[in-house]
Amino acid sequence: MLKKLFFLSIITFCFACKSVDKISKYNASITTDKHAVADLKKDVDFTYTLLKDGHPGLYWYISKQKLDYKFDSLKNSIVEPLTSAEFYKKLTPVVAAIKCGHTSVKFPAIQYKKEELKDLSKKTFPINQFTYSVNNGKLYVLESKSENKSIKPGTEIVAIEGINTQSILNDFYKLISSDGYNTTHNSRSLERNFAQYFKIYYQIKDSVNFQFRTAKDSIGETYITTLKKSKADTLKNQIKSKQARYPKYVGQYKDGKAQMDFRFLDEKRNYGYLKIQSFSIVGADYSRFYKQVFDSIAKVGTDHLVIDLRGNGGGSLEHSRNLFSYLTDKDFVYLQKSLTNGQYDYRKYGNKWQRFMYFINGHDDRDYVRQDKNGNLYSFMKGIYPLSANPKNFKGKLYVLIDGYTFSAASLLSANLKGINRATFIGEETGGGFNQCVAGNLPVVKLKNSKLAIRFGLYKMSPNAKSDVVGRGIFPDVEITSSLNDKITGCDREIDWILNNGNG
């Protein structure tokens, strides 16, 4: 018995060593190892072949000739071995030139042992101690978790690790793509993802040199060091407001804030305010939330409703479509046919799990593709045929708040409301396109050599509405862009406009 236990221990130890060794090799392959020129060129060719097979809108905003040239130029520019990060900086701008907000290059995550993950969960690295705002091409601190209390909201960041922030921003803008020729999405996306981009471009350090410009216009250097999270920080997501809510169900909380929220903006309850941070909140019961919201509205006779889609990057088509059913009193078609190439094959491009499921089920997405009388391939999605309005639909005055991060399913909802002249739109142009985007199913395909991955959509998603302005988002009826000071002070000029002009 002891002999068996001894050998079992040896085997377990060997597997553990092998696992650690495997993690070390993988991490080296995406951080320090240089990939051969021939291998990187294979990844370039694979990327373009993948997109041509699967992406149904590859040449909407760039000609085939120009995109061919960009991929050829990229291959020719690779004349020496590169790390995954160096290759990422070259490949991503070419993919971004497609001008599809759902198409991107994903950088692989470093793998950690269990003990390392536990240790990391207790730390906040310097670059993550701030939330950022981009205004007029400059980078500012919007919120700070730093122990250095002299760094206040509104402080300009002039340089990081001796690199001018203008140069950093210019590099990062090359990595981002909105739908078509939109001009508002990139800055909003950069604000949200600045820390993630920085980690790809620059090494994560426990101490980072920042140069700040104070209100007195003086520049000073400050080293921001890694913080250890307090117990209060780890419990922050569990904090819930004790105020009376209509409805009581608000899904889940993030940073102490409800991700789905409804309240009244005035004492008379004439103005309802509905905030949906995303249509893809994991585990949230949207049907329950919608029912409680519109029951509350009907109960008190609210005649003005504000739907806040600012910062809503999209998510589930179903949750977007179901909300629309509460905002119209007529039968409606929500989507045009979801056209596809029908060429994406999981047996060729899928990961091991997807190929295994194909083996088990004997089918993949292509088996759901149909062909219409004009020879177009499309996949059935609920909403391409007429649906009924919800019996408890809201019939009062509707306002929709939008910004550059209103995207995907949130833009689809906005476009359909715009198409029936249902709402007054306030804010700035949506980041998501009015006429179309590529989404529906979004495979992520890993590149064999560099370990980067390509994410893109398989279906053309178009609202049952159309704009004559090609390649742009939904434009506001009342254009309002929040200033840096508005963001810092919490001044909501869009809401103020509605309360001051809602009865006009």
Side-chain angles (χ1 to χ4, degrees), residues 31 83 85-86 88-89 92 107 110 119-176 184-234 236 254-257 311 403-405 481-493:
T31 54
T83 64
E86 290 168 340
Y88 174 87
K89 296 172 189 178
T92 305
F107 196 83
I110 291 176
D119 182 58
L120 285 171
S121 68
K122 298 176 182 178
K123 293 180 177 180
T124 302
F125 286 100
I127 204 69
N128 295 105
Q129 291 176 29
F130 306 111
T131 55
Y132 301 89
S133 180
V134 178
N135 287 73
N136 299 318
K138 295 180 180 180
L139 186 67
Y140 296 90
V141 172
L142 187 58
E143 295 177 337
S144 173
K145 297 177 183 177
S146 172
E147 292 178 332
N148 188 330
K149 301 306 177 186
S150 67
I151 305 167
K152 300 185 182 300
T155 302
E156 183 187 352
I157 302 172
V158 178
I160 305 175
E161 290 291 278
I163 306 166
N164 186 285
T165 51
Q166 187 64 63
S167 174
I168 294 172
L169 293 178
N170 289 340
D171 282 339
F172 292 177
Y173 273 128
K174 297 173 186 175
L175 311 177
I176 307 168
T184 59
H185 176 70
N186 290 7
S187 290
R188 297 286 172 261
S189 181
L190 183 55
E191 288 173 342
R192 287 192 168 215
N193 300 303
F194 182 85
Q196 286 74 14
Y197 291 137
F198 193 89
K199 290 173 187 177
I200 294 171
Y201 262 66
Y202 307 102
Q203 183 181 359
I204 301 175
K205 297 180 180 179
D206 285 327
S207 180
V208 174
N209 179 274
F210 284 79
Q211 280 188 294
F212 296 104
R213 190 192 306 273
T214 67
K216 296 181 180 179
D217 207 36
S218 61
I219 297 176
E221 290 189 4
T222 303
Y223 278 91
I224 305 298
T225 57
T226 296
L227 288 177
K228 286 190 176 181
K229 293 181 182 177
S230 66
K231 193 171 183 180
D233 290 329
T234 60
K236 194 172 184 181
K254 184 177 181 181
D255 295 330
K257 298 177 183 177
D403 68 4
Y405 209 81
T481 301
S482 298
S483 68
L484 176 63
N485 190 59
D486 290 337
K487 296 174 185 177
I488 293 169
T489 60
C491 173
D492 196 326
R493 292 197 290 132

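FYI, side chains are in, hydrogens and waters are out, and symmetry mates aren't considered; it's all heavy atoms of this structure. Note that the coordinates shown come from a computational prediction; the quantities given were computed from them, not determined experimentally.
Side chain of Ser133 to main chain of Leu484: no donor-acceptor pair is present (N/O by atom type, distance under 3.5 Å, no hydrogens or angles). Side-chain atoms of His185 come within 3.5 Å of backbone N or O of Gly404 as a donor-acceptor pair. A donor-acceptor contact shorter than 3.5 Å is absent between the side chain of Ser146 and the backbone of Gln129. Remark: the backbone N or O of Tyr140 is not paired with any side-chain donor or acceptor of Glu156 at under 3.5 angstrom. Not one N or O on the side chain of Asn128 forms a donor-acceptor pair closer than 3.5 Å with the backbone of Thr124. A donor-acceptor pair is defined here as one N or O able to donate and one able to accept, closer than 3.5 Å; such a pair exists between the side chain of Ser483 and the backbone of Asp486. Of the possible donor and acceptor atoms, none in the side chain of Thr225 sits under 3.5 Å from a partner among the backbone N and O of Ser207.
Using bins of under 30°, 30° to 60° and over 60° for the plane-to-plane angle, the ring pair Phe130/Tyr132 lands in the perpendicular bin.
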Residue pair Val141, Ile157: steps toward the side-chain contact (heavy atoms from CB on, under 4.5 Å) verdict: CA-CA 7 Å; Val141 172; Ile157 302 172; 3.9 Å; yes
Carefully, step by step, assess Phe210 and Ile151 under the rule side-chain contact (heavy atoms from CB on, under 4.5 Å). CA-CA 11 Å; Phe210 284 79; Ile151 305 167; over 6 Å; no
side-chain contact (heavy atoms from CB on, under 4.5 Å) for Ile168 and Tyr202? Distances and angles first, verdict last. CA-CA 10 Å; Ile168 294 172; Tyr202 307 102; 3.9 Å; yes
Would Ile127 and Val208 count as a side-chain contact (heavy atoms from CB on, under 4.5 Å) here? Give the steps. CA-CA 8 Å; Ile127 204 69; Val208 174; 5.6 Å; no
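Across Gln166 and Asn164, no two heavy atoms sit closer than the pair N-OD1, 2.7 Å. When every heavy atom of Thr155 is checked against every heavy atom of Arg213, the shortest pair comes out as CG2-O, 3.6 Å.
For the atom pair CZ of Phe212 and OG1 of Thr222, the computed distance is 5.5 Å after rounding to the nearest 0.5 Å. Separating the CG atom in Asp171 from the CD1 atom in Ile163 is a distance of 8.5 Å, to the nearest 0.5 Å. The line from NZ of Lys123 to CG of Asp206 is 5.5 Å long, rounded to the nearest 0.5 Å. The NZ atom of Lys138 lies 12.0 Å from the CG atom of Leu169; values are rounded to the nearest 0.5 Å. Interatomic distance, CD of Gln196 versus CG of Asn193, reported as 5.5 Å (0.5 Å rounding). Taking NZ of Lys152 as the reference point, atom CD of Glu143 lies at 14.5 Å (rounded to 0.5 Å).
Taking the ring pair (Phe, Tyr, Trp, His ring centres under 6.0 Å) definition, one finds that Phe172 meets it with Phe194, Tyr197, Tyr201, sequence neighbours left out. Partners of Arg192 according to the salt bridge (Lys or Arg N to Asp or Glu O under 4.0 Å) rule, which considers only residues two or more places apart in sequence or in another chain, do not exist here.
At least one side-chain heavy atom of Leu142 sits under 4.5 Å from a side-chain heavy atom of Ile488. Looking at heavy atoms from C-beta onward, Ile160 lies in side-chain contact with Thr165 at the 4.5 angstrom threshold.
Remark: the Ser187 side chain and the Tyr173 side chain contain an N/O donor-acceptor pair separated by less than 3.5 Å.
Salt-bridge formation is detected for the pair Glu191/Arg188: a Lys NZ or Arg NE/NH1/NH2 atom is positioned less than 4.0 Å from an Asp or Glu carboxylate oxygen.
Heavy atoms of other residues, nucleotides or ligands lying less than 6.0 angstrom from NZ of Lys199 number more than 12.
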